Amino acid sequence: MLFTFAVVLSSCGENADPSGLSTANQSNLTKVSANGTPMTQQDLDAAKTKEPFAYNLALLVDENRLGINLTWTLVTGYLVMFMQAGFALVETGLCRAKNAGHTMAMNFMVYGLGMIGYFIAGFAFQFGGIGLAGVPNLGGLAALTNEVTIPIGGVNWGLIGYKGFFLSDGTYDVGIAVMFLFQMVFMDTTATIPTGAMAERWKWSAFCVYSLFVSTLVYPVFGNWAWGGGWLSQLGSVGLGKGYIDFAGSGVVHAVGGWCALAGAIVLGPRLGKFNKDGSSNAIPGHNMVLALLGCFILAFGWFGFNPGSTLGASTNGSLRIGLVAVDTMLAGAFGSVAAMIYTWVTGAKKPDIGMMGNGLLAGLVAITAPSGYVNPICAAIIGAIAGVIVIVAAGFVENVLKVDDPVGAVAVHGFNGLWGQLSVGLFADGLANYGGLQVKGLFFGDASQLVAQIIGAVVCFVYVFGISWVFFTLYKRFFGLRVSAETELAGLDIPEMGSLGYNPDAEPYALPVGEEGMSVAGAGD
């Protein structure tokens, strides 16, 4: 009772706006731009004194602006949430029928388990200090003011946030609620990536613990460094472009998921029968390519929330660029799938590979996720086409060189193409996007230092995510066990781990009614 009362009280705070009536305010307007130049406090003070009607009208206009932005961000968040269905179909289709229930269940439950972890601590770690930097499109989020920092060279380098646990501690706020929903579904995308790489041999109990681990420590910490006002985003303070830039998360979402998947697949080991004694590999085909490609289409649809939604608004601060972001997204996906089809058609078996066409689409979408807000359509097509080739080469490298068994190609799609997306910002950003004064140029448009910032971000992403994930999976394997028994793996995980089959046979054989044994069935024997 006392704990509940304390949590309710802690939800209230000086800067929070649970009613939505005061989010549009003077301090918020100082960071808003309709023409690339944000308004200053001096501009507002002058207007308040000399033109009070115009000043008050501006507050009303700002409330409408925020209404548009909050609605846009929520709707695109709903699209990203629907991507979970796409992941579930892709991974289930690319695995064997005897594990369909288990694979689908992982994709289903990672949503709830991951959300709980993010609600408890992940959001606070990631965005507990974002209000210090400000998010003007969502009203500033001024209640999120706690960030652990290290002062070096006159800069307070952010390490991790610590406000917003359980969405309490003064974070009962309309803007923060929108930010939580949008970022939660992004985290869930990260969390579901390793379920494909570790499918068909992973204990259900281990998966459940992993879901809490990735949503509280893996995704949020790197997410803070890149998006939460942390130190990677501050690299511009020492002359490295505009700091590490990752518009919609090729690194924060996809590379994090890919490198976590790589660590997990290494520690878990390959499926039985995947590799021969001489190190050569055997193909283990998925059971339903129809499901897999349908899942790819759903993911491509959801990506229109993923990338354009990352403006966190559709009004002011350069947010009208959402149309270009959407076009870049669709072009990169299309070029990725076509490039993958052509590459497999002219090499290897001399046939277009159905699975790789799907993974080529996803690779192009992953790669364009970071640069989508900063590049033109031609560059987006180039980025996507290169991604379509990278995914095939990387899949071969993971399987034949690293000897890692990844049933769905998650490491190649998300890890290696997440890396390509991170670097693409530093190569192709053309400096023409302007988000509240933020303009980014890459190497090909005159700023080599931006590429350096991207390389630093990519290296840090791999080292931190792979490192902490490898330690987690290794310790869990040592003390609790990650993998099902050989007997369970051979029989299929559905019954032993879940208690039911993904594809249930008829409960009893079909029998004709008595006296109708001779009745014909239409079409039978034709």
Side-chain angles (χ1 to χ4, degrees), residues 83 86-96 99 103 106-107 189-190 192-202 250 253-266 268-271 274-275 281-300 303 332-333 336-341 343-344 347-349 351-367 369 384 386-421 466:
M83 292 174 70
F87 277 113
L89 293 176
V90 170
E91 293 181 13
T92 301
L94 292 177
C95 291
R96 289 168 290 184
N99 300 311
T103 305
M106 286 195 295
N107 281 272
T189 299
T190 297
T192 202
I193 292 169
T195 63
M198 301 173 69
E200 303 201 282
R201 71 266 202 212
W202 200 2
S250 290
V253 178
H254 296 284
V256 167
W259 301 142
C260 180
L262 178 61
I266 289 173
L268 188 61
R271 291 169 291 176
K274 178 61 181 178
F275 293 107
S281 63
N282 299 306
I284 303 179
H287 81 285
N288 195 324
M289 295 309 298
V290 174
L291 288 185
L293 289 187
L294 176 59
C296 288
F297 270 125
I298 292 174
L299 285 169
W303 237 286
S337 62
V338 172
M341 178 190 71
Y343 189 86
T344 57
T347 62
K351 298 286 185 181
D353 186 291
I354 299 174
M356 279 303 176
M357 284 190 284
N359 273 347
L361 172 72
L362 301 184
L365 293 168
V366 167
T369 299
I386 294 173
V389 175
I390 288 176
V391 70
I392 298 170
V393 175
F397 175 77
V398 169
E399 181 170 309
N400 300 317
V401 177
L402 299 183
K403 304 300 180 185
V404 172
D405 182 14
D406 178 357
V408 305
V411 177
V413 170
H414 301 279
F416 284 92
N417 277 291
L419 169 62
W420 169 230
F466 182 85

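Quick caveat: nothing in here was measured; it's all calculated off a predicted structure. Positions are given from 1, in the same order as the sequence printed here.
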**Q** Between Trp420 and Ser250, does the side chain to side chain donor-acceptor pair (under 3.5 Å) criterion hold? Intermediate values first, please.
**A** CA-CA 8 Å; Trp420 169 230; Ser250 290; over 6 Å; no
**Q** Does any part of the side chain of Thr192, heavy atoms only, come nearer than 4.5 Å to the side chain of Met83, both counted from C-beta?
**A** no
**Q** With the side chain counted from C-beta on, respond yes when His414 and Cys260 share a heavy-atom pair under 4.5 Å apart, and no when they do not.
**A** no
**Q** Where is the tightest heavy-atom contact between Pro194 and Gly257, given as atom of each residue plus distance?
**A** CG-O, 3.6 Å
**Q** How many angstroms lie between atom CE of Met106 and atom CD of Glu91, to the nearest 0.5 angstrom?
**A** 7.0 Å
**Q** Would you check if the side chain of Asp405 reaches a backbone N or O of Ala265 as a donor-acceptor pair within less than 3.5 Å?
**A** no
**Q** Please say whether more than 12 non-hydrogen atoms of neighbouring residues, nucleotides or ligands are located less than 6.0 Å from CD1 in Ile354.
**A** no
**Q** Quick one: are Thr369 and Val253 in side-chain contact, heavy atoms under 4.5 Å?
**A** no
**Q** Which heavy atom of Pro407 sits nearest to which heavy atom of Ala199, and what is that distance?
**A** CG-O, 4.0 Å
**Q** Just by modelled atom types, is the Asn99 backbone N or O under 3.5 Å from a matching donor or acceptor in the Glu200 side chain?
**A** no
**Q** Applying side chain to side chain contact (heavy atoms under 4.5 Å, CB included) to Met356 and Tyr343, what does each step give before you reach the verdict?
**A** CA-CA 10 Å; Met356 279 303 176; Tyr343 189 86; over 6 Å; no
**Q** Under the criterion ring-ring contact (aromatic ring centres under 6.0 Å, His included), which of Trp303, Phe416, Trp259 is the partner of His254?
**A** Trp303
**Q** Please confirm whether the backbone N or O of Val411 pairs with a side-chain atom of Asp406, one donor and one acceptor, at under 3.5 Å?
**A** yes
**Q** Taking all non-hydrogen atoms of both residues, which atom of Gly409 and which atom of Asn359 are closest, and how far apart?
**A** CA-ND2, 4.3 Å
**Q** Quick check against the 3.5 Å criterion: does His287 have a side-chain atom that pairs as donor or acceptor with the backbone of Cys95?
**A** yes
**Q** Would a distance-only check, ignoring hydrogens and angles, find a side-chain to backbone donor-acceptor pair under 3.5 Å from Thr344 to Met341?
**A** yes
**Q** Might you point out which heavy atoms bring Met357 and Ser337 nearest each other, and give the distance in Å?
**A** O-CB, 3.5 Å
**Q** With rounding to the nearest 0.5 Å, note down the distance linking CZ in Phe87 to OG1 in Thr103.
**A** 14.5 Å
**Q** Could you pull out every donor-acceptor pair under 3.5 Å between side chains of residues 388-399 and any protein atom, sequence neighbours left out?
**A**
from: Glu399; atom 1: OE1; to: Lys274; atom 2: NZ; distance (Å): 3.2
from: Glu399; atom 1: OE2; to: Ser281; atom 2: OG; distance (Å): 2.7

**Q** So Val90 and Cys296, do their side chains get closer than 4.5 Å, heavy atoms only?
**A** yes
**Q** Give the minimum heavy-atom separation between Leu402 and Leu262, together with the two atoms involved.
**A** CD1-CD1, 4.3 Å
**Q** Return yes if some donor-acceptor pair links the side-chain N/O of Arg96 with the main-chain N/O of Ile284 below 3.5 Å, else return no.
**A** no
**Q** Decide yes or no for Leu89 and Ile298: does some side-chain heavy atom of the first lie under 4.5 Å from some side-chain heavy atom of the second?
**A** yes
**Q** Which distance, rounded to the nearest 0.5 Å, do you find between the CD1 of Ile193 and the CG of Asn107?
**A** 11.0 Å
**Q** Ignoring hydrogens, what is the shortest heavy-atom contact between Gly93 and Leu291? Give both atom names and the distance.
**A** CA-CB, 4.1 Å
